[in-house]
Amino acid sequence: MICRKCSGPGSLIIRKEYCYCNDCFITNINHKFRACIGKNKILSPNEKVLICLSGDASSTVLLDLIHVGLSLNNHKKLRVIPYFLHIIERDSEGEEISKVIVEQCKNYNFNITLVNIDEYFNKNILCNDNTMKNHYQPSISKNILLNIPTSISEDVLTKMKQNIFIKIAKQLKCRIVFTAETTTLLATRLLSNIAIGRGSQVENDIGFADKREENVKILRPMREITNEEIDHYLRIKELNPATDILGKGYGTSLQSVIRNFVLDLQENYPATVSTICKTADKIGSVTDNVNKKKCIICQSNLDCNQLNLTAVDATMFSRKVSSKVINSNENLKHIEEGNNLMFPFIYEKLCYCCSRNISQLNDPMLQTLVCRNDDK
Amino acid sequence: MPVPCRAGCGKNAMLKRPKTGDALCKECFFWAFETEIHFTITKGKLFKKGDSVAVAASGGKDSTVLAHVLKTLNERYNYGLNLMLLSIDEGITGYRDDSLETVKQNRDDYEMSLKILSYKELYGWTMDEIVAQIGRKNNCTFCGVFRRQALDRGAAMLNVKCIATGHNADDIAETVLMNVLRGDIARLKRCTAISTGSEGTIPRVKPLKYTYEKEIVMYAHYKRLVYFSTECVFAPNAYRGHARALLKDMEKIRPTCIMDIIYSGETMEVKEAVSLPSQRVCIRCNFVSSQEVCKACVLLEGLNKGLPKLGIGKSSKAKRMLEEYNAKQNKSLEEAINNINEEYEKNNCISKGKVCRSSCKSKQTAQINKTHKTTSETCCNGQSDEKLNTDNDITNSKVKVLLKEYGLSEATQDDSSNLISEKIDHSNTEKVANATNDDDFEVDSHNTDEQIVDEDDTCGGACGKIDSLHISF
């Protein structure tokens, strides 16, 4: 057990292979965080940054890393003006978690803004003077999220939160948003993205910067740090996250299956997570973006239907041949036309996945979601 | 409670389609299933009227259903295709031998011609023998690489326009996941294409690309098709198994995810900045490759040299292994040279006629070479080496040892003052050395003839050369 950095006595082992002492480890994590921000050259000095905290382990570490960066007094000082944000989620623990986070921020002398996820449908979120409890609006988001399969609700929730980040960043005039995704989380997100048909959006969903919104960039400064390292960091610094590390699972979903799978595979093939993330860096999308149309829910560029034959065509055709009474060949041409119930608004207003999500909602909610964002 | 068929035919539904969730009766399912494949074929423009198409047949459910449906659609929609079956015999006891019987059944049932190519024939190794060498890990690498090329070879022999394979939607989704897990960006790019093949190669098409494995099983079951359903005895240890397990778990939660994954694969693209290997032709065997020398040749070389791990893992590793091997071989080369020197000295004492005799022998060698080429037109060097080894006399086996060295160490080859080049017919040496290097081993027979003529000429010259050396001594 010798620290590979300072050759002193080591105290922890990363990836069953690399030994560090506590000090060198913490320095290393700080360095990874700062290097990730630094090498991408997006921040200008005294940039206003909205830092989004979910309360999980990685966001707790992010909070601490920001604090460390700001308290430095040398040339390495982190030159940003931080604004902190937490979104209170739908479940009963939401309030509890928010209290812990407020407490954490108080310890660091930071102010934090709390926003309820239901504010998603509200235009000027911050005008409501932050007292959400007696809010008149019934919990639409709660209803939506409870009535659809968990695989979809996890995806919808992520997109809703992202939209809220952007809205608030705009109101606070922040050009930059920080979120606390780790390598491990991004690896599972890449697979999830592929599994739900968001393959062409990988660059923005997994890469360092989400550039879908013109004026606000969402950055992921912790993307080189693994969950294993987060755990060690918390232990050494004696920090307690407000909620457990992977976020709460809402039953069995595609995402939870993928999470377990990646963590299992990681045990036997330690390079799994980093390999997956490296792959993500190399993936773009087929969309040549001539029309510049964006999905009104997730703001991704819409795939144009330029390929000759895609899974969309095949799925729609499957639906058609299995729902009409036409057992003769002359009608084949007829089948290829007709309206499209499988993928509402695809290529027009919605991307493949959002369209598929919407098709699972019943009608009034569909309208709400789609129209709500439409007039933005 | 019975569910009525969604198509409204009045019958009760027999199954729920995983892709759309619709419940259908047997007849409506058959019709939907076949019509969808027809849609894929026509919309994807997989075939042209009058094409000859080889159906890659393993005897499993996918290829059996593919052969059946293609035959049905070919008649129903008048594609005008000339369909035939192409099977590869990997030489796996307890698996392929049985499944080939099924393919033969298919041949009779669907009235298509059948061509079977075996690994033993093409590469000199059966999978059983390969597994005995390499062990239970990584053997799918060999099997997959060899089969890919074997199909190309078979298609070339049958002179078909394209090969139709039985890859189904599950297979493709699985491959997408696997390539992401392995970080194989080049394959990720092409694995969702419905038709693959660059210029000059025989394209492969996947008519079942959007067909769920479950539906294929149900179709085969209800149609009572004969197929072989045992999993390969060597497969359980493959890395692909991880991706498969994940996909099966996800499918249980959300059956449409297979189509979603395929859609993701179709709309993803490798960023321009990322450099990718371009597809080209292997310099040794002339079949498709992304490298100078194709994987099949590398793997085969490894097998034949007793370095079965050669083609597995990074190419830098392979390089190192080869260097070590060469170093070892160089030692034995020296011994061989000494041997030959001794023999040469013996020969030296005898008359000129003796030398001539040796030149005749080399002529013989050329002849033998020629027969090899004609029997196995496009074989790799490894195989020819092996044959030389088995059916030639002692002189030749010595020659062979030398040839092997020549292929590996250029320094010796260049050293023209070396006695070896005088002992053995010069041009012959060079030629076989080439063969070992496999610069131009793929030979059409016309080419071979020319070379033989050349050799005859230089043979005489070489005799003279040795002779003149004598005089100058």
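Just so it is clear: chains get the letters A, B, ... in the order the sequence lines come, proteins before strands, and each one is counted from 1.
Looking at A:Q255 and A:S192, their side chains never bring a donor and an acceptor atom within 3.5 Å of each other. Between the side chains of B:E266 and A:T310, not a single donor N or O lies within less than 3.5 Å of an accepting N or O.
Residue A:S151 touches chain B through its side chain alone, counting heavy-atom pairs closer than 4.5 Å. No part of A:D264 comes within reach of chain B, as not one of its non-hydrogen atoms sits under 4.5 angstrom from that chain. When heavy atoms are compared at a cutoff of 4.5 Å, B:Y210 approaches chain A solely by way of its side chain, counted from C-beta outward. Contact annotation for A:L190: only side-chain heavy atoms (C-beta onward) come within less than 4.5 Å of a heavy atom of chain B. Using a 4.5 Å cut-off between heavy atoms, A:L191 contacts chain B through its side chain alone, with no backbone atom that close. For a residue to count as touching a neighbouring chain, one of its non-hydrogen atoms must lie under 4.5 Å from one of that chain's; by this rule B:T211 does not touch chain A. For B:L181, the parts lying under 4.5 angstrom from a heavy atom of chain A are both the backbone and the side chain. At a 4.5 Å heavy-atom cutoff, the contact between A:E203 and chain B is made by side-chain atoms alone. Looking at A:I276, both its backbone and its side chain come within 4.5 Å of chain B, counting heavy atoms on both sides. Residue B:L247 does not touch chain A at all, counting heavy-atom pairs closer than 4.5 Å. If you measure heavy-atom distances from B:I258 to chain A, you find no contacts under 4.5 Å at all.
B:K161 NZ: 12 or fewer foreign heavy atoms inside a 6.0 Å radius. Within a 6.0 Å radius of CZ in B:R187, no more than 12 heavy atoms belonging to other residues, nucleotides or ligands are found.
Taking the six-membered ring where tryptophan is involved, the planes of B:F30 and B:Y219 are perpendicular, since the angle between them exceeds 60° and thus also 30°.
A:N204 pairs with exactly one of A:K217, A:Q299, A:K211 by the side-chain contact (heavy atoms from CB on, under 4.5 Å) rule, that one being A:K211. Each of B:D51, B:V53, B:L73, B:L46 was scored for a side-chain contact (heavy atoms from CB on, under 4.5 Å) with B:Y79, with one residue passing: B:L73. For the side-chain contact (heavy atoms from CB on, under 4.5 Å) test with B:H68, the passing option among B:L66, B:V65, B:T72 is B:T72; the others fail.
The shortest side-chain heavy-atom distance between B:E34 and B:R76 falls under the 4.5 Å cut-off.
Listed options A:V202, A:L254, A:V262 were ranked by heavy-atom pairs under 4.5 angstrom with chain B; first place goes to A:L254. Across A:A314, A:S318, A:C353, the residue that shares the most heavy-atom pairs under 4.5 angstrom with chain B is A:S318. Put simply, of A:V257, A:V273, A:T272, the one with the most heavy-atom pairs under 4.5 Å next to chain B is A:V257. Heavy-atom pairs under 4.5 Å with chain A were tallied for B:I194, B:D22, B:I262, B:L24; the largest tally goes to B:D22. Taking B:D184, B:V180, B:D249 one by one and counting their heavy-atom pairs under 4.5 Å with chain A, the maximum is reached by B:V180.
Residues A:K39 and A:E224 are paired through a salt bridge, judged by an N-O separation under 4.0 Å between the basic side chain and the carboxylate.
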